[in-house]
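To keep things clear, I will list the structure first and then write my remarks on it.
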Amino acid sequence: MSLNATATPGYSFAASTAVQSRESSHLYPYHDAATAAALIATAHALVTHGKGIYATDETVDGIHARLTAAAASAPPAYSDAQNRDRRRRWRECLYESLPTDTISGVILYHESLIDFQLAPVLVARGIIPGVRADTDAHPLPISPLEPATQGLDDLLPRLQAAHAAGARFTKWRAPILCNAASLPSPAALEAQAESLARFAAISQQAGLVPIVEPDVDFAEDADLARSVAVHTDIIAQIYARCAKYGVLLEGTLIKPSFVQPGLKHPSRATTSVDDIGRATAIVLARAVPVAVPGVVFLSGGLSDADAIAYLDATNRAAQALALRLPPLSFSFGRGLQGDAMVKWVAGDEKGAKDAFEKRAALCSKAAKGELTK
């Protein structure tokens, strides 16, 4: 399939494009019918049949640090050119063999998308390429401890270039500090909700499905009740602002953190996996509009085992409580590639591919609430 086509790899939306212009004028007032159909089709394709997203959007420094940490002993001193080639070869190793029955899409860093031009490798396998849209964070002036995400000023041309390079969706991370007392501040929640909504609107203007990522930190002393309140608040604020900016919710996804007590709260040790799954499912049912076609959880800061267990518990809770929720899937980075990276750094490419496939299969089972069956 040509990368210049508007179609989503592996997904047909021909029926959707038959929407009449008189209908689109009120159903999709900010998008023509074909664009709306493409956005909706891509969003659904990313979360269909227990499939999830492989997040490979680490910065250059971030992926270098992970490759170094995965080595059994201190690696040799590589030149800049050698490090660049290692990053490219690591990406190619898994991109060329991603299991298509469990992985629907991949989030690329702009180096992989623009410089290495790896989108065609994914498209050839029927996997949808995406791209990270946010850049660095800076301190919020009114609350310097809290970060505010940057990247809006030149976002449209960057996303148009990403679309031309093959991307069909994009992601924006908004980190949110959380403790038992003063964080997050109202100003931080408003700033992050505003940036996520503007990002979503601009992404759709460029023909890309936006994934909004409110990443609530769990390193401090918030209890589960506080986590429930903060997650509900930020998600509700995001969608209130999305409505103001004319975002087509049917052509979006959300990438939240799991609702959990902070690592420094005494209840952390006694809060069960099922407690976290139930709280997460209920928060999503309260705050995510029914028009949103899917949820893809982040795994940041969690062990591989915990990320998968929480995903499974959330799906089981949603089923047991008969909640009106879309597919609950994954958008993991470390939660998918940790074992594979250790083997690749050691020179075992086949072992790396096998390890990734095994981990992806477990994630897919968890996305259907079938991990313990």
Cut-off 3.5 Å, no hydrogens considered: what does the side-chain donor-acceptor table look like for residues 239-255, sequence neighbours left out?
| from | atom 1 | to | atom 2 | distance (Å) |
| --- | --- | --- | --- | --- |
| Y245 | OH | E194 | OE2 | 2.3 |
| T252 | OG1 | L249 | O | 2.9 |
| K255 | NZ | S331 | O | 3.1 |
| K255 | NZ | S331 | OG | 3.0 |

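S227 and H231 share a donor-acceptor pair across their side chains, judged by distance under 3.5 Å alone. Side-chain polar atoms of R359 and Q337 form no donor-acceptor pair below 3.5 angstrom. For the residue pair Q260/T271, the side-chain donor-acceptor check at 3.5 Å is not satisfied. With 3.5 Å as the limit, one finds a donor-acceptor pair spanning the side chains of Q237 and D233.
Side-chain contact between F297 and L284: present, with at least one pair of heavy atoms (C-beta onward) separated by less than 4.5 Å. When side chains are defined from C-beta on, I40 does not count as touching P293, because their heavy atoms never get closer than 4.5 Å. Put simply, the side chain of L208 does not reach to within 4.5 Å of the side chain of F169, judged on heavy atoms. A heavy-atom distance below 4.5 Å is found between the side chains of F218 and L302. By the 4.5 Å heavy-atom criterion applied to side chains, P175 and T149 are counted as neighbours. Looking at heavy atoms from C-beta onward, I53 lies out of side-chain contact with I103 at the 4.5 angstrom threshold. No side-chain heavy atom of T42 sits less than 4.5 Å from a side-chain heavy atom of L39. A 4.5 Å side-chain heavy-atom check between L122 and L98 finds at least one atom pair inside the cut-off.
With values rounded to the nearest 0.5 angstrom, Q192 atom CD is found 10.0 Å from D215 atom CG. Atom SG of C363 is separated from atom CZ of F356 by 8.0 Å, given to the nearest 0.5 angstrom.
Only one option out of T170, D57, I114, L113 pairs with L108 in a side chain to side chain contact (heavy atoms under 4.5 Å, CB included); it is L113. Each of R173, R132, R91, R334 was evaluated against E58; a single residue qualifies, R91, per the salt bridge (charged side-chain N to carboxylate O under 4.0 Å, His left out) test.
Under the 4.0 Å criterion applied to side-chain N and carboxylate O atoms, D223 and R226 are not assigned as salt-bridge partners. A salt bridge links E92 to R88: at least one charged side-chain nitrogen sits closer than 4.0 Å to a carboxylate oxygen. The pair D354-K358 does not meet the salt-bridge criterion, since no charged nitrogen lies less than 4.0 angstrom from a carboxylate oxygen. Note on K365 versus D312: no salt bridge recorded, every NZ/NE/NH1/NH2 to OD/OE distance being 4.0 Å or above.
Residues L325 and A318 come closest through the heavy atom pair CD1-CB, 3.8 Å. Listed here is the closest heavy atom pair of P147 and L177: CD-CG, 4.0 Å.
Annotation: Y54 is not in aromatic contact with F332 [ring centroid separation under 6.0 Å not met]. Residues Y310 and F258 bring their aromatic ring centres within 6.0 Å.
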